[in-house]
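What follows is a single structure, written as structure tokens, with notes after it.
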Amino acid sequence: MELHFECTQCGRCCHDLRLTLSVAEACAWAGRGHQVDLLTEAWPWPDDGASSDAGMAWRKATSFAVRVGDVPFRINLRLVARHEGACPHLLPDMRCGNYEARPRICRIYPLESRPFEAVEPVRRKCPPEAWHDDLPLLERDGEPSDSAAGEVLAAHRQAMIDDVPVKARLASALGFAETAFAGEGMAVCEVAPLALLTVVEEVSSGRWDVAQGWAIVTNRTSTAQMLANLDCPVRLVSAGPAYLPAFADEA
Ligand code: SF4
Ligand code: SF4
């Protein structure tokens, strides 16, 4: 299957950001004084053996093991550049003012950063006229047509794996031990840029271990009850800056 695309320079992808960053990119972003959040979601993970399923292997490689109560989970922690409105680097003519140092996720958009997921144009911010069979080839059978973009995509994915130990210790150093239940939303830890830089330096020198004692946060009473029945620490919350839900709050 082929997907054809050409950027219209509309600038929509540079507004209302949540850009997934590597640790190094997060430090560069915070070093310019911009906001980086920690986002977490967790999967119950009763069997930690090797999986022949490539999607499960990727999920495992990009997450770390914790216990929530006595139940084993794996947590995916994302470092995310957050900005309401226009990116602080966006120039009035919609060009990037940080072009040479822009994060990989900006370089690969609208390609899909996660493996085993197809690009879905309707889930991209690009306007309909950016997608047309007469335009240049973006990807064929899920593979980028441009080898340079493919290399950036591969580097982004590798960083998502390589950064797991540092991100696990980062949460510990920040005292952040709450996570959403995977598929229901994301728990959010907002960190001031300078604090992030300080803590990354600390954990990079090996001063912190991965914290245990995690709790699940959810805005669904049914999920809270199910987890409580398993003796998992759980906290019922409402949608807001600290919890980005996939579903409306459950009464
Ligand atoms: S860094 Fe540049 S490309 Fe990335 S969102 Fe900001 S303006 Fe857009
Ligand atoms: S949203 Fe799509 S078409 Fe618009 S600037 Fe970004 S990549 Fe280009």
Side-chain angles (χ1 to χ4, degrees), residues 1-39 62 77-115 117-160 162-163 167 186 188-197 200 241 244:
M1 181 180 161
E2 293 187 346
L3 196 55
H4 295 254
F5 168 82
E6 190 167 64
C7 178
T8 65
Q9 309 287 335
C10 70
R12 288 182 199 166
C13 59
C14 301
H15 286 77
D16 301 318
L17 310 176
R18 281 212 170 86
L19 305 174
T20 300
L21 305 175
S22 69
V23 172
E25 289 171 334
C27 288
W29 196 267
R32 292 186 209 99
H34 307 316
Q35 182 69 32
V36 176
D37 292 343
L38 278 64
L39 270 51
T62 53
L77 188 155
R78 287 167 53 200
L79 292 169
V80 172
R82 174 171 59 83
H83 197 84
E84 313 302 330
C87 173
H89 296 297
L90 189 64
L91 300 174
D93 63 0
M94 297 296 130
R95 286 183 302 119
C96 176
N98 185 36
Y99 192 76
E100 294 304 322
R102 69 198 190 286
R104 291 190 194 95
I105 199 78
C106 299
R107 296 168 190 260
I108 59 179
Y109 198 86
L111 290 170
E112 174 57 55
S113 62
R114 296 165 298 178
E117 301 271 349
V119 175
E120 292 185 56
V122 293
R123 298 184 66 180
R124 294 292 183 263
K125 293 186 175 181
C126 314
E129 59 268 28
W131 310 92
H132 195 278
D133 288 350
D134 294 340
L135 296 173
L137 184 66
L138 177 70
E139 67 171 30
R140 179 181 288 120
D141 297 331
E143 292 297 321
S145 63
D146 179 61
S147 61
E151 286 173 17
V152 175
L153 182 57
H156 175 80
R157 290 173 178 169
Q158 190 59 50
M160 294 303 107
D162 295 344
D163 284 349
K167 290 194 288 191
M186 303 293 284
V188 183
C189 176
E190 298 181 355
V191 191
L194 189 56
L196 183 79
L197 294 174
V200 169
L244 306 175

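Just follow the structure's listing: the first ligand is 1, and inside any ligand the first atom is 1.
Closest heavy-atom contact between Glu84 and Asp16: C-OD1, 3.6 Å. When all heavy atoms are compared, the tightest approach of His4 to Asp133 is ND1-O, 3.5 Å. Scanning both residues, Pro144 and Gly150, for their nearest heavy atoms gives CG-CA, 3.9 Å.
For Cys87, every N, O or S atom stays at 2.8 Å or more from atom 8 (Fe) of ligand 1.
Cys13 SG, 2.3 Å is the protein heavy atom nearest to atom 6 (Fe) of ligand 2. Of all protein heavy atoms, the one closest to atom 2 (Fe) of ligand 2 is Cys126 SG, 2.4 Å. What sits closest to atom 4 (Fe) of ligand 2 on the protein, heavy atoms only, is Cys10 SG, 2.3 Å. Counting only heavy atoms of the protein, atom 8 (Fe) of ligand 1 lies nearest to Cys14 SG, 2.4 Å. Among all non-hydrogen protein atoms, the one lying nearest atom 5 (S) of ligand 2 is Gly11 N, 3.2 Å.
Near Tyr109, with a cut-off below 4.0 Å to any heavy atom, the atoms of ligand 2 are 7 (S). For ligand 2 and Cys7, the ligand atoms under 4.0 Å from any heavy atom of the residue are 3 (S), 5 (S), 7 (S), 8 (Fe). Near Thr8, meaning under 4.0 Å from one of its heavy atoms, ligand 2 places the atoms 3 (S), 8 (Fe).
Atom OG1 of Thr20 and atom NE2 of His156 lie 5.5 Å apart (nearest 0.5 Å).
Summarising the local packing, CZ of Arg140 is surrounded by 12 or fewer heavy atoms from other residues, nucleotides or ligands at distances under 6.0 Å.
Ion pairing of Glu151 with Arg104 is absent here, as no side-chain N (NZ or NE/NH1/NH2) approaches a carboxylate O to less than 4.0 Å.
Taking the six-membered ring where the residue is Trp, His34 and His83 present perpendicular rings, their angle passing 60° and hence far from 30°.
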